[in-house]
There are 2 protein chains.
Amino acid sequence: MSETKDRPYHHGDLRRALIDTALAMLATDQNWAFTLREVARRTDVSHAAPYKHFRDRESLLRELARIGFVQLEEAMSVAMSSGPSSTRARFVAVARACIDFALCNPGLYRLMFSADADKTMDPHLHDAAMATFGILLRLLEEGLRDGSFRPVAISALAAASWAQVHGLAMLAISGQLLEEKVGPEPVLAALDVLLDGVCRGG
Amino acid sequence: MSETKDRPYHHGDLRRALIDTALAMLATDQNWAFTLREVARRTDVSHAAPYKHFRDRESLLRELARIGFVQLEEAMSVAMSSGPSSTRARFVAVARACIDFALCNPGLYRLMFSADADKTMDPHLHDAAMATFGILLRLLEEGLRDGSFRPVAISALAAASWAQVHGLAMLAISGQLLEEKVGPEPVLAALDVLLDGVCRGG
DNA sequence: CCCTCCATGTTTACAGGAGAAACTTATCGG
DNA sequence: CCGATAAGTTTCTCCTGTAAACATGGAGGG
């Protein structure tokens, strides 16, 4: 602890450190009552220091949510461009990527869709969320173009797909897909149900 | 033991009054930072009075969520038994009932599915949620029996349907179904997408 | 090379919430 | 009529978010 005392008065990149601490705590404690003071404490900094980098508590929460969307976008993007499989297989892969992300970061995922991360308050957060949504749109467009998906208004496909994936992710996080009478692979099965409507000639 | 059914002494029925106040405030303020003291204030009692009827703040929240599930179950039940339409039409009606309920009670609906209302903490809440889910199951069983739905494992149908309806409800609450490039009836369109996989020979 | 600015920290202060404990009051069974 | 007890109040402690005043130390101008 003597070493920690040696740290310079100015932290270097406290903003980043606070974000990292908060993300780590979100990852650790499944449902953690977010507290600015606790974040400051674990970053070895006074409880007022965060206010030099974030206007208020929600400002930090929104930044965390934004980072979450960026990470989710990347995960989905990787899943989408991995392997030259069919569009349907890629759809499943992208959906799984989203749900896996939620299962690996339940606290962060909840935050991203909670009222605490109000997207109307932060254009950057809104943009990040839209970019993530955009991946799904591109995938749907592709499926429409190559004839894998039935010719339905893309808005309907997008709403259904987004609702399905997000709904499954939330259910999975809440553990409501494992305890009840669900089969071995409830997520895949549910996605198949949706897809046999999306795909032509299921 | 006093929590179940006791006669009022002083206030009348403070437990009920507190619940009503909280429900009213949930209905009024879209996103209200729930506060026990505020509930007590608006019920004209001291801030410690609620503790005579609820162990803690979350206990009241769980009771509110339980009531929400009961109301939702009733709304869905009404929708399910209204009119001798096709199973598909009744599926849509039940889904609409759920989404309409969410739109009419966004705060309550959010609470019902938030981490604050931990279903593992209260058997009554869990049962209420399961009863609501049960309506969907009965509808799916019926559709399987009469051949309206494709012969898929009911767990898959249930997961897909529940995820879809809940996902649409959450998106609708967040206003993400209106601002984007969605058609005139995004909910119906999305449900049709799902159903054309659920229904045989869509 | 020193001195002064100012971004980034810290300390102090205050309002408000959760909850516990002690105290008060009214209702009821005997 | 009288305790016992449920129901409500006061008071207290600890916590949080946030603002204001103060401290520090690195960067840039003389």
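Side chains included, hydrogens not; waters and symmetry mates left out as well; all remaining heavy atoms used.
Contact annotation for Arg41(B): backbone-only contact, meaning every heavy-atom pair under 4.0 Å involves sugar-phosphate atoms and none involves a base. Heavy atoms of Ser46(A) sit under 4.0 angstrom from at least one base atom.
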Check residues 96-105 of chain B and write down every donor-acceptor pair under 3.5 Å in which the side-chain atom is one partner and the other belongs to a residue at least two apart or another chain.
unit_1    : atom_1 : unit_2    : atom_2 : d
Asn105(B) : ND2    : Phe101(B) : O      : 2.9

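dA7(D) atom P lies 9 Å from atom CG of Leu14(B), rounded to whole Å. Atom C1' of nucleotide dT16(D) and atom CZ of Arg37(A) are separated by 6 Å, given to the nearest angstrom. The CG atom of Leu18(B) sits 14 Å away from the C1' atom of dT9(D) (whole-angstrom rounding). What separates CZ of Phe34(B) from P of dG17(C) is a distance of 12 Å, to the nearest Å. Between His47(A) atom NE2 and dA19(D) atom C1' there is a gap of 11 Å when expressed in whole angstrom units.
Ala49(B) meets the side chain to side chain contact (heavy atoms under 4.5 Å, CB included) test with Leu14(B), Val45(B), Ser46(B); sequence neighbours excluded. Ser77(B) meets the side-chain hydrogen bond (donor to acceptor under 3.5 Å, both in side chains) test with no other residue; sequence neighbours excluded. With sequence neighbours excluded, the residues forming a ring pair (Phe, Tyr, Trp, His ring centres under 6.0 Å) with Phe69(B) are Phe113(B), listed by chain and number.
Applying the ring-ring contact (aromatic ring centres under 6.0 Å, His included) definition to pairs two or more places apart or across chains, those involving residues 14-41 of chain B are Trp32(B)-Phe34(B).
Residues from residues 48-60 of chain A placing a heavy atom under 4.0 Å of any atom in DNA chain C, listed by number, are Ala48(A), Ala49(A), Lys52(A), His53(A).
The aromatic ring centres of Phe133(A) and His166(A) sit 6.0 Å or more apart.
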